[in-house]
Amino acid sequence: MTDSTLTFETNNPLTDGFWAATRDHRLVVQRCDTCGELRWPPTPGCASCQSARWGWEDVATTGTLWSYAVYHRAFGPITEVPYTVGIIEIAGGLTMIGLMAGDGPWRIGQRTYAVFEDQSDGTIKVKWTTEQKGKLEQ
Amino acid sequence: MSGSKASVAIVGIGTTEQGLLSGRSVVDIALEAALLAIADSGIDKSEIDGLVCCRIIDGSLRGQGIDEDIAPALGIAPNFSNTLEYGAGAFSLHQAVGAIRSGLANTVLVTYGANYRSGRRSFGNVVSGSHDWASSAGYVHVAGPAAMAARRHMHMYGTTEAEIGSISVAQRQWAQMNPRAMYRDEFTLEDYLAQPYLVEPLRRADITMISDGGVAFIVTTAERAADLRNAPAFVLGVAQNGGGMLGEWMPNRVMRPWLGALSKDIYTKSGLTPSDIDAAYLQDPTSVWVLQQLEAYGFCGEGEGGSFSAEGNTAPGGSLPVNTNGGQLSESYMWNWLQLYEAVEQLRGDAGDRQVANATTVLHAQTHDFWKGAATILSSHDQI
């Protein structure tokens, strides 16, 4: 099932590599090929050196929960409530925003693990869980 | 004397009824406020040689209250005119101050009119984070980042939900004495805690209402102000900070870490300290921004904003009245404009039941999302 009506466009060089990696259950972020800085979310150029040369770099599929918010009301596009959004600190001082998988309870500072959830439309969604062996049951 | 003599003052204020102004355009609403401000100041509209408008977000540019709508409607041809996105009281005021100080204008009309409520605008958009990534995670609406910041504050400082609740409760007490306010019913901490979560840990009361309304100001030189009938609200200092302009890579952007630098700047520029401030006007689309600004502007220590509020310091009778109009949480969805209106009324001694005794110097503070902020110190004295 999908929990959102929103899907990312395909054939977008800024995001294609990210989604390809999720099929192998890998997490990648952009790496500037001029200065080496990692960045997220994907942008065409490097904020530090403005270079347009970049590649994808694998990062650990783990992170730390920086904060979280539990939505009790749906403003769209996620329609089922409650749902929890997390701000996850990952490698390289980067943060990702993602849905939390499971029911919690949540605690700032918890170790989090990326979950690659198959969607019914064939896409994969990256969510985060606090259970190491957490594999989302469909 | 701490600071230099003020060269600019607010001499006219005007506001429309707030609430549901069905069928009225934003130009019409802004125009009504403008005429009221002009009448209040005592100047003739022909004296206006500067115009700063603030467009409402969304939609096409025309009919959004921009300067090219307001000037023809008012029948003026100011030398200096521009339109801001999210002028929101502080940024627009600073444009007027800058124009006057640089000699681009002498007397500036600042306007804003909005019809978000009757226009039924949806607020379920992304407020923080790249749109697609945030949207797909359901991270939408201002309540999202506000809840993130609140949860972080609770984790770092032990702030409780009741302490957060005390912010909206205190502002409602002020609103009960404000005839302009939309929400004037009794609202206690028990009422707050009984509300279901909206985006946990926040409740509906922590988020601004949506309403229609207009507001306008006449800003001029201190010299001109001396000849006009109202006691001027002198601008003792202005400051802005764009620490958030680097964008969303900042891991703690929802905490607005650059607010401290803005605070230091405004006090330095004005030659004042937090103890000189008699009342604070802190922009409040959410109660959490009040919490952050109470600390940032030095009214209490870091992490103490919750307990400072819970102890009643910001409520009627407290040591530091905050948002004595009720703010966006209780008065109207006016982006901190009506806090400026209220600040001027307080400095004039015209705030009626809400009058803070001996209020001579106030702070008016603003953020624009997580990008930047603006602060102004106003006083009934042209020098302190």
Side-chain angles (χ1 to χ4, degrees), chain A residues 2-9 12 14-15 18 37-43 46-48 64-90 92-100 104 106-110 119 123 125-128, chain B residues 121-159 161 164 195-204 206-207 210 244-255 257 286 288 370:
Chain A
T2 29
D3 53 31
S4 167
T5 54
L6 202 78
T7 53
F8 281 82
E9 56 179 329
N12 179 354
L14 266 188
T15 54
F18 177 82
E37 192 167 283
L38 299 181
R39 61 182 189 259
W40 182 265
T43 55
C46 177
S48 285
T64 307
L65 190 63
W66 188 85
S67 193
Y68 61 96
V70 187
Y71 280 71
H72 292 260
R73 198 180 121 185
F75 299 103
I78 308 282
T79 49
E80 249 191 69
V81 286
Y83 67 87
T84 303
V85 181
I87 294 178
I88 315 291
E89 285 183 294
I90 60 170
L94 304 175
T95 53
M96 282 192 169
I97 292 166
L99 277 165
M100 302 303 291
W106 319 108
R107 193 179 26 86
I108 289 175
Q110 272 177 313
Q119 307 290 298
T123 60
K125 192 153 188 174
V126 180
K127 293 190 180 179
W128 297 86
Chain B
R121 188 202 181 246
S122 157
F123 284 85
N125 55 294
V126 170
V127 173
S128 181
S130 281
H131 286 55
D132 289 340
W133 301 100
S135 279
S136 76
Y139 188 46
V140 295
H141 197 279
V142 71
M148 292 287 187
R151 178 65 65 191
R152 188 80 186 167
H153 202 277
M154 293 165 80
H155 170 78
M156 290 174 70
Y157 308 115
T159 303
E161 291 181 14
I164 292 173
Q195 283 190 352
Y197 290 126
L198 183 69
V199 182
E200 188 176 345
L202 301 179
R203 295 166 162 84
R204 181 67 189 86
D206 291 305
I207 310 296
I210 305 304
M245 292 300 287
L246 285 168
E248 66 186 302
W249 70 268
M250 293 169 66
N252 60 343
R253 74 191 303 260
V254 297
M255 308 303 277
T286 82
V288 185
F370 304 99

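Order of the sequence lines sets the chain letters (A, B, ...), proteins ahead of strands, with each chain counted from 1.
Contact tally against chain A (heavy-atom pairs below 4.5 Å) for B:Ala146, B:Gly144, B:Ala147: the top residue is B:Gly144. Heavy-atom pairs under 4.5 Å with chain B peak, among A:Val81, A:Val70, A:Thr43, at A:Val70.
B:Pro196 is not listed as a side-chain neighbour of A:His72, based on a closest heavy-atom distance of 4.5 Å or more.
Here the two rings, on A:Phe18 and B:Trp133, have centers that are under 6.0 Å apart.
Looking at A:Tyr83, only its side chain comes within 4.5 Å of chain B, counting heavy atoms on both sides.
Under 3.5 Å, the side chains of A:Trp66 and A:Thr95 contain no donor-acceptor pair of N or O atoms.
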Would you please test B:Ile164 and B:His153 for side-chain contact (heavy atoms from CB on, under 4.5 Å) and show each step? CA-CA 10 Å; B:Ile164 292 173; B:His153 202 277; over 6 Å; no
